[in-house]
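In what follows, a single structure is set out as structure tokens and then discussed.
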Amino acid sequence: PVFAGMNGSAIENFSCVIYNIFLMNCTWQAGRDAPADTQYFLYWQNSRDEEEMECELYIKDENCRNMGCIFQNVSIGPEKAYFLVNGSSTESLIQFYDEYIDLYKIEVLTAPLNVTAHCTRDSAGCIITWHPPLTSHVEKAKCFQYEISIQNK
């Protein structure tokens, strides 16, 4: 059965974020009715053509329960990535949790690079320049929009 397992045993509040271009951090909370000995395992698949991978670096809570994962060398592809978290317990079957996520929607971009400001005393004011942030999937600089906040001190 697809939803075999004790109700309330699947993880809750699953979320992932990609940062520093290729690192992904996923976290979750234990199911509210999961037995105390429940251990969770995260698997993900970047596309249908790639193999499913289990987390290699789990984040553990004070009871050594897996509550998150750090992935390295993540690349953002055009397809939604598939995530599956299942669990095991000696007391009962644990329901699994799964979700499809567009990785580009969870990427936290780095700040623009090489920001410089050149100001003159005449009416020209200031010229501020920068380079686009580093990203693993945006190839065109024109895809970015910027907002400048100038504050006098």
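Quick caveat: nothing in here was measured; it's all calculated off a predicted structure.
Proximity of Y43 to N86: side-chain heavy atoms (C-beta onward) are separated by under 4.5 Å at one or more points. Side-chain contact between F71 and C55: present, with at least one pair of heavy atoms (C-beta onward) separated by less than 4.5 Å. For the pair M67/I59, no side-chain contact is recorded, criterion being any heavy-atom separation below 4.5 Å from C-beta on. For the pair Q39/R65, a side-chain contact is recorded, criterion being any heavy-atom separation below 4.5 Å from C-beta on.
Residues G87 and Y40 share a closest heavy-atom pair of CA-CD2, 4.0 Å. When every heavy atom of Q45 is checked against every heavy atom of E50, the shortest pair comes out as NE2-O, 2.8 Å. Here the closest non-hydrogen pair linking M6 and P35 is CE-CD, 3.5 Å. Considering all non-hydrogen atoms of both residues, I18 and I21 come closest at CG2-O, 3.9 Å.
Residue-environment remark: CD (E52) exceeds the threshold of 12 foreign heavy atoms within 6.0 Å.
Cluster annotation: Y97 is connected to M53 through the hydrophobic network of ILVMFWY side chains, with a link wherever side-chain heavy atoms come within less than 4.5 Å. In this structure, I70 is not a member of the same hydrophobic cluster as V17, with clusters built from ILVMFWY side-chain heavy atoms closer than 4.5 Å. In the hydrophobic clustering of this structure, L57 does not group with F14; members are Ile, Leu, Val, Met, Phe, Trp, Tyr whose side-chain heavy atoms approach within less than 4.5 Å, directly or through other members.
A side chain to side chain contact (heavy atoms under 4.5 Å, CB included) with F41 is found for one member of N66, V85, L84, I94 and no other, namely N66.
No hydrogens or angles considered: a donor-acceptor pair under 3.5 Å links the side chains of S89 and D37.
For the pair N46 (side chain) and S75 (backbone), a donor-acceptor distance under 3.5 Å is present. Between the side chain of S9 and the backbone N or O of G31 there is no donor-acceptor pair closer than 3.5 Å.
Note that OG of S47 and OH of Y82 are 14.5 Å apart. Values are rounded to the nearest 0.5 Å. How far CD of E79 is from CZ of R48: 5.0 Å, rounded to the nearest 0.5 Å. One distance of note links CD1 of I101 with CD1 of I106; it measures 5.5 Å at 0.5 Å rounding. Rounded to the nearest 0.5 Å, atoms NE2 (H131) and CG (N114) are 5.5 Å apart. The CG atom of L23 sits 11.0 Å away from atom CD of E107, with the distance rounded to the nearest 0.5 Å. The CG atom of L42 sits 6.5 Å away from atom SG of C16, with the distance rounded to the nearest 0.5 Å.
In summary, the aromatic rings of Y146 and W130 are positioned with their centroids under 6.0 Å apart.
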TODO: Dump the intermediate steps for disulfide (SG to SG under 2.5 Å) on C26 and C69, then the final yes or no.
DONE: CA-CA 5 Å; C26 297; C69 180; over 6 Å; no
